[in-house]
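Since we're looking at a predicted model, the values are computed, not measured.
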Amino acid sequence: MSAESASAIQRNQVDLLDFVDWSGVECLNQSSTHSLPNALKQGYREDEGLVLESDADEQLLIYIPFNQVVKLHSIIIKGPEEEGPKTVKLFSNREHMGFSNVNDFPPSDTAVLSEDNLKGKPVILKYVKFQNVRSLTVFVEDNQSGSDITKVEKIVLCGTTVETTDMKALKKIEDH
């Protein structure tokens, strides 16, 4: 791939937040007072006082469905130096995973987050593995310091939509 086409891909990336199907979003082992919207929702995730925290132990299992098929290019996961996530496994199109079966499946990609990543440097994913993504499962396996609580300040998913036509909007027009 030429440098030119790589930068063109880069340029077309958007924040995929608008394409998240919020009705299906789940997070296992989240603290009831510091839950996933703090890290994922617009406005909340920009507020440094709001974080997603794990509850019983350091692990988090986040399920994010999309309302249309997307191509995922990179992910930003911000967190504090000590309690920020360390090993993050990403699964494309795997529904209903739990802590009991998350290790039964090979991840589409695994990232070990550096200090730079925790400050907002994007993790570039294996693009070929994330071409037709209907849902993304993010398994935070451990954190930087090995403590019981993992904290996530912000999650941003960057990519493009595969089909630019919103089928729901199209259907609405036909109904009239």
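For the pairing with L60, the side-chain contact (heavy atoms from CB on, under 4.5 Å) check across S54, P85, S31 returns one residue only, S54.
The hydrophobic cluster containing L61 does not contain L157, counting ILVMFWY residues as joined when their side-chain heavy atoms lie under 4.5 angstrom apart, directly or transitively. Following chains of ILVMFWY side-chain contacts shorter than 4.5 Å, one can reach F19 starting from V25, so the two form part of one hydrophobic cluster. Follow the hydrophobic side-chain contacts under 4.5 Å out from V138 and you never reach V112; the two are in separate clusters.
Checking side-chain atoms of N143 against main-chain N and O of G146 turns up a donor-acceptor pair under 3.5 Å. A distance-only check finds a donor-acceptor pair linking the side chain of S145 to the backbone of E82 [under 3.5 Å]. The backbone N or O of N132 lies less than 3.5 Å from a partner atom in the side chain of N93, making a donor-acceptor pair.
The side-chain heavy atoms of F66 and D18, taken from C-beta on, include no pair separated by under 4.5 Å. E83 places none of its side-chain heavy atoms less than 4.5 Å from the side chain of Q144. Between V123 and I76, every side-chain heavy-atom pair lies at or beyond the 4.5 Å cut-off. At a threshold of 4.5 Å between non-hydrogen side-chain atoms, the residues V156 and I75 do not count as touching. F139 places none of its side-chain heavy atoms less than 4.5 Å from the side chain of P107. By the 4.5 Å heavy-atom criterion applied to side chains, I62 and L36 are counted as neighbours.
The stretch residues 53-68 participates, sequence neighbours left out, in these salt bridge (charged side-chain N to carboxylate O under 4.0 Å, His left out) pairs: E53-K151.
Atom CG of D47 is separated from atom CD of E153 by 10.5 Å, given to the nearest 0.5 angstrom. Note that OG1 of T137 and NZ of K89 are 13.5 Å apart. Values are rounded to the nearest 0.5 Å.
Heavy-atom neighbours of E81 CD from other residues, nucleotides or ligands within 6.0 Å: at or below the threshold of 12.
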>> Go through it in stages, so that I can follow the logic: the residues are V51 and V152, the test is side-chain contact (heavy atoms from CB on, under 4.5 Å), and I'd like the CA-CA distance, side-chain angles, deciding distance and then a yes or no.
In response: CA-CA 6 Å; V51 295; V152 181; over 6 Å; no
> Would K154 and E46 satisfy salt bridge (charged side-chain N to carboxylate O under 4.0 Å, His left out), going step by step from the backbone distance to the final call?
Replying inline: CA-CA 7 Å; K154 185 175 189 174; E46 280 72 35; 3.7 Å; yes
>> Under the criterion ring pair (Phe, Tyr, Trp, His ring centres under 6.0 Å), I'd like the reasoning laid out for H73 against F130: C-alpha separation, chi angles, the key distance, then a yes or no.
In response: CA-CA 7 Å; H73 172 267; F130 297 95; over 10 Å; no
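Annotation: salt bridge (Lys or Arg N to Asp or Glu O under 4.0 Å) contacts of E48 (sequence neighbours excluded): none. Evaluation of the salt bridge (Lys or Arg N to Asp or Glu O under 4.0 Å) rule for K86 yields no partner, not counting sequence neighbours. Residues passing the salt bridge (Lys or Arg N to Asp or Glu O under 4.0 Å) test with E115, sequence neighbours excluded: K119. Legend: residues meeting salt bridge (Lys or Arg N to Asp or Glu O under 4.0 Å) with D15, ordered by chain and number and at least two apart, are R45. The side-chain hydrogen bond (donor to acceptor under 3.5 Å, both in side chains) test applied to D142 returns T87, not counting sequence neighbours.
Below 30°, between 30° and 60°, or above 60°: for Y63 and H96 the angle between ring planes is below 30°, a parallel geometry.
Using modelled atom types, one finds no donor on one side chain facing an acceptor on the other under 3.5 Å when comparing S114 with D116.
Salt bridge absent: D109 and K129 never bring a charged side-chain N and a carboxylate O closer than 4.0 Å.
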